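Only one structure is covered here, and it is reproduced in the block below.
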Number of protein chains: 2
Amino acid sequence: MTDIGKKKATIYDLSMLSGASPSTVSAVLNGSWRKRRIKEATAQLIQKLANEHGYTANLQARGLRSSRSGLVGLLLPVHDNRYFSSMAQSFEAQVRSRGQCPLVVSACRDPEEERKVVATLISYSIDELFIAGATDPDGVHKVCEKAGLKHVNIDLPGTLAPSIISDNHEGARMLTQAIIERAQEDGPLSPDDLYLFGGRNDHASHERIRGFRDVKRALLGADPDVCIQPTGYSPAMTARAFEAFYEGHGKLPRAFFVNSSINLEGLMRFLALHPHETFADIIVGCYDYDPFGSFLPFPVFMIRQDSETMITKGFAILDADRRPPITHLVRPTLVPPRTALTGPLDALKDIE
Amino acid sequence: MTDIGKKKATIYDLSMLSGASPSTVSAVLNGSWRKRRIKEATAQLIQKLANEHGYTANLQARGLRSSRSGLVGLLLPVHDNRYFSSMAQSFEAQVRSRGQCPLVVSACRDPEEERKVVATLISYSIDELFIAGATDPDGVHKVCEKAGLKHVNIDLPGTLAPSIISDNHEGARMLTQAIIERAQEDGPLSPDDLYLFGGRNDHASHERIRGFRDVKRALLGADPDVCIQPTGYSPAMTARAFEAFYEGHGKLPRAFFVNSSINLEGLMRFLALHPHETFADIIVGCYDYDPFGSFLPFPVFMIRQDSETMITKGFAILDADRRPPITHLVRPTLVPPRTALTGPLDALKDIE
DNA sequence: AGTCATTGCACCATCGATTGTGCAAAAAAG
DNA sequence: CTTTTTTGCACAATCGATGGTGCAATGACT
């Protein structure tokens with residue numbers, strides 16, 4: 001309030017004003033003053049001046065000197081998806097509560113872009129990095145390692161760094177079972193009636209497909225390959241797969257498992273082009289939770305991945321002394337159709 | 001590749017290796033070497049060495065010296081919402097294409113938190129700031145001004161800095177008209193059949209409510225106050241408002257306008273507690289677009305705000321010499337029910 | 001050969017904070 | 001009234017990059 005629009009106050013300014021040396025000012029303001037045996041009165045004077053002049057430390061200078069920035073990075077495939085944005089939200093809260101500053105960036109599942117983005121983060125001397133859903137976690141790992149940057153993988157595992165991922169196999173089993181049981185309420189379900197769409201050649205997809213096939217075989221007795229349609233992650237490709245099926249069969253499968261909410265958007269694109277009757281009786285499972293997706297005009301079972309716990313575990317691992325490249329599983333939960341879970345949004349400040 | 005896990009190379013290391021002075025190395029690596037009349041051969045030698053040793057500039061040091069960081073901030077209320085996460089996605093792309101680094105943070109619509117978060121960003125010497133959906137834009141403005149930080153408001157306007165917002169009045173008119181016309185297909189609509197839920201005491205809500213009332217009065221002849229329910233922004237409060245209406249009337253209004261997709265989540269919470277018949281025939285308008293929200297089991301008209309254009313305009317304003325505190329309107333678009341728009345997700349690298 | 005312009009680069013202060021070290025003054029001990 | 005200990009702080013180097021300034025070497029020109 002005291003200075004109007006001036007340059008920001010530095011420890012040198014406060015040094016002049018207080019008559020103390022810059023190093024004393026620094027010690028007072030960064031809390032190390034007791035250790036440095038600064039008189040209480042001196043400290044208070046300096047703190048008062050700092051408040052009056054709205055002093056805030058220049059974190060670039062601090063970071064340069066101490067080679068720590070207080071920045072913690074989170075690398076996402078995209079922001080624009082409830083799973084990842086909810087992860088960003090949890091991440092932010094936890095980073096803040098540790099007194100650090102979150103830096104959330106996305107790299108569009110492009111391995112080259114992933115490495116470039118991480119290199120940029122490294123240039124800012126970030127202290128730690130969470131790598132979520134990277135296409136090439138090990139490639140990113142190498143970049144981090146060269147820079148001596150602590151990091152963990154979230155959601156998609158790597159082989160070189162510790163990974164914390166959803167228990168995809170178990171989650172897929174729960175989801176598949178739920179779909180089957182629900183579909184059987186409408187009459188017997190043949191193996192040809194149950195498909196899986198989406199996913200690709202990554203660990204998560206493999207495990208989910210494995211879980212799906214296990215349960216399907218156990219409950220329906222067979223598991224033809226044709227029912228597995230790994231369309232990649234894009235909504236466009238997924239929509240094309242639904243379209244192709246529809247053209248071949250004149251309808252959608254009675255029940256199907258969608259690999260992620262991004263793939264589920266592909267289903268929306270299909271739906272937009274077809275009348276309501278086309279999908280009047282389908283049963284859908286989606287490996288991801290989205291509050292609106294849960295209320296679509298057909299039953300949608302969803303899997304809510306526990307990104308909050310993943311982040312928490314991630315920090316625990318980063319804080320540990322040794323960080324062996326082990327994969328930790330976090331159990332997701334099955335969300336029945338028409339369920340509105342509370343989430344980070346409820347942290348919104350509002351007249352409650 | 002050459003150094004394994006060592007400390008990062010600096011211009012001093014390259015200076016030793018090349019025999020040139022640190023300032024020459026610096027000039028070569030930051031591109032100012034022609035201006036400094038460095039011999040082409042010298043430059044190439046240094047660049048070769050830099051590549052071999054995987055040199056990347058320490059951006060904290062550069063930022064400290066040049067008092068610019070290359071960071072551009074975006075302050076959001078929350079990540080976990082398609083409107084804001086899509087804004088984050090556009091923002092990121094545009095910041096990257098300008099060769100800067102995006103820094104997206106959220107502040108939970110808490111004015112105190114907003115200022116604190118911005119103060120942190122300022123400590124990192126960010127170059128520019130986009131303030132999106134701030135509860136107290138002018139409070140944030142003051143913090144920015146003291147630090148000499150260029151900034152614009154997005155989505156919610158302030159009086160002290162330039163603002164770029166959705167044309168809320170026009171958007172609300174379009175949306176209201178669409179709801180009414182659709183509802184009238186099912187028979188005559190009385191003014192008591194059309195409600196508005198959500199929003200609060202902010203500029204956007206005012207304008208939307210004004211647009212709603214204008215059109216309602218024009219088309220339905222009346223516009224009773226009781227039909228306006230500004231429940232705040234939280235899903236919980238919005239759900240409570242639906243619940244209250246339902247208790248009083250045994251049903252939901254035939255048609256209603258929901259102020260935002262966050263409020264629409266409140267509707268989901270209500271729906272989860274009630275049988276399907278409760279809302280078999282409702283017509284909903286939501287001032288925000290969400291791809292799954294568009295396919296709910298009743299007609300949902302949505303307004304897609306053009307955050308891409310808002311960000312573009314924001315940069316144009318920041319780049320301008322003068323920045324008068326003017327409010328710029330960006331026209332949103334009406335999205336009919338059952339529409340799957342393409343979006344940032346389509347930038348995902350995938351087998352297309 | 002002498003003057004002048006140009007080329008090519010090195011030197012050094014600087015950005016703001018951190019931190020190891022040293023030293024005077026005050027307090028305690030003898 | 002010394003000697004020792006403790007208190008309280010100042011000094012200066014450092015982190016890595018930037019950019020103004022100065023100066024030697026080379027070439028051009030008279």
Side-chain angles (χ1 to χ4, degrees), chain A residues 6-47 50 53-71 122-127 147-148, chain B residues 6-47 49-50 53-70 122-127 147-148:
Chain A
K6 292 279 183 294
K7 289 294 92 192
K8 295 191 57 189
T10 71
I11 53 169
Y12 298 96
D13 301 331
L14 296 179
S15 160
M16 300 262 48
L17 288 164
S18 66
S21 76
S23 57
T24 299
V25 174
S26 169
V28 168
L29 295 172
N30 70 25
S32 69
W33 57 280
R34 303 210 95 98
K35 207 175 62 190
R36 280 182 156 270
R37 300 188 318 234
I38 308 294
K39 214 197 309 177
E40 180 108 27
T42 311
Q44 291 186 350
L45 169 65
I46 292 173
Q47 268 154 354
H53 293 263
Y55 170 86
T56 43
N58 180 323
L59 297 182
Q60 301 209 69
R62 172 179 296 170
L64 175 57
R65 180 57 233 254
S66 54
S67 66
R68 309 190 62 259
S69 63
L71 293 167
I122 288 174
S123 296
Y124 285 105
S125 309
I126 63 170
D127 298 334
Chain B
K6 293 279 183 293
K7 288 295 92 190
K8 295 191 57 187
T10 71
I11 54 168
Y12 298 95
D13 301 331
L14 297 178
S15 162
M16 300 261 47
L17 289 164
S18 66
S21 77
S23 57
T24 299
V25 175
S26 170
V28 168
L29 295 173
N30 70 27
S32 69
W33 58 279
R34 304 209 96 97
K35 207 175 61 189
R36 279 181 157 273
R37 299 188 318 234
I38 307 294
K39 215 198 308 177
E40 180 109 26
T42 311
Q44 290 186 351
L45 168 64
I46 291 174
Q47 268 153 355
L49 289 170
H53 293 264
Y55 170 85
T56 44
N58 180 322
L59 297 182
Q60 301 209 68
R62 172 178 296 170
L64 175 59
R65 180 58 232 249
S66 55
S67 65
R68 308 189 64 262
S69 62
I122 288 174
S123 296
Y124 284 105
S125 308
I126 62 170
D127 298 334

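Chain A is the first sequence line, chain B the second, and so forth, proteins listed ahead of strands; every chain is numbered from 1. It should be emphasised that the depicted structure is a prediction, and the values quoted were computed from it without experimental measurement.
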Can you tell me if [X] uses its side chain to pair, donor with acceptor, with the backbone of [Y] under 3.5 Å?
X         : Y        : value
Tyr124(B) : Ser69(A) : yes
Ser123(B) : Asn58(A) : no
Ser32(B)  : Lys35(B) : no
Tyr55(B)  : Asp13(B) : no

Margin query: Looking at Ser21(A), I'd like to know whether one of its side-chain N or O atoms comes within less than 4.0 Å of OP1 or OP2 on dA10(D).
Written below: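 For Ser21(A), the contact criterion (side-chain N or O under 4.0 Å from OP1 or OP2 of dA10(D)) is met.
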
Protein-nucleotide distance ([X], atom [atom1]; [N], atom [atom2]), rounded to Å:
X        : N       : atom1 : atom2 : result
Glu40(A) : dG8(D)  : CD    : C1'   : 14 Å
Met16(A) : dA10(D) : CE    : P     : 11 Å
Leu45(A) : dG8(D)  : CG    : C1'   : 15 Å
Trp33(B) : dA10(C) : CH2   : C1'   : 18 Å
Leu14(B) : dA10(C) : CG    : P     : 14 Å
Lys39(A) : dA24(C) : NZ    : C1'   : 14 Å
Arg68(B) : dA17(D) : CZ    : P     : 18 Å
Arg34(A) : dG8(D)  : CZ    : P     : 11 Å

Check: Taking C-beta and beyond as the side chain, do Ile46(A) and Ile38(A) meet within less than 4.5 Å on heavy atoms?
Finding: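 Sidechains of Ile38(A) and Ile46(A): no contact.
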
Note to self: How would you summarise protein contacts on nucleotides 18-28 of chain D per nucleotide, using B for base, S for sugar-phosphate only and - for none, with heavy-atom distances below 4.0 Å?
What the structure shows: BBBB-------

Checklist line | Glu40(B)/Arg34(B) under side-chain contact (heavy atoms from CB on, under 4.5 Å): CA gap, chis, key distance, verdict | finding: CA-CA 8 Å; Glu40(B) 180 109 26; Arg34(B) 304 209 96 97; 3.2 Å; yes

Next item on the list: Could you say whether Leu64(B) or Thr24(A) is positioned toward the 5' end of DNA chain C, judged by the nucleotide with the nearest heavy atom to each?
Entry: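 The 5'-side residue here is Leu64(B).
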
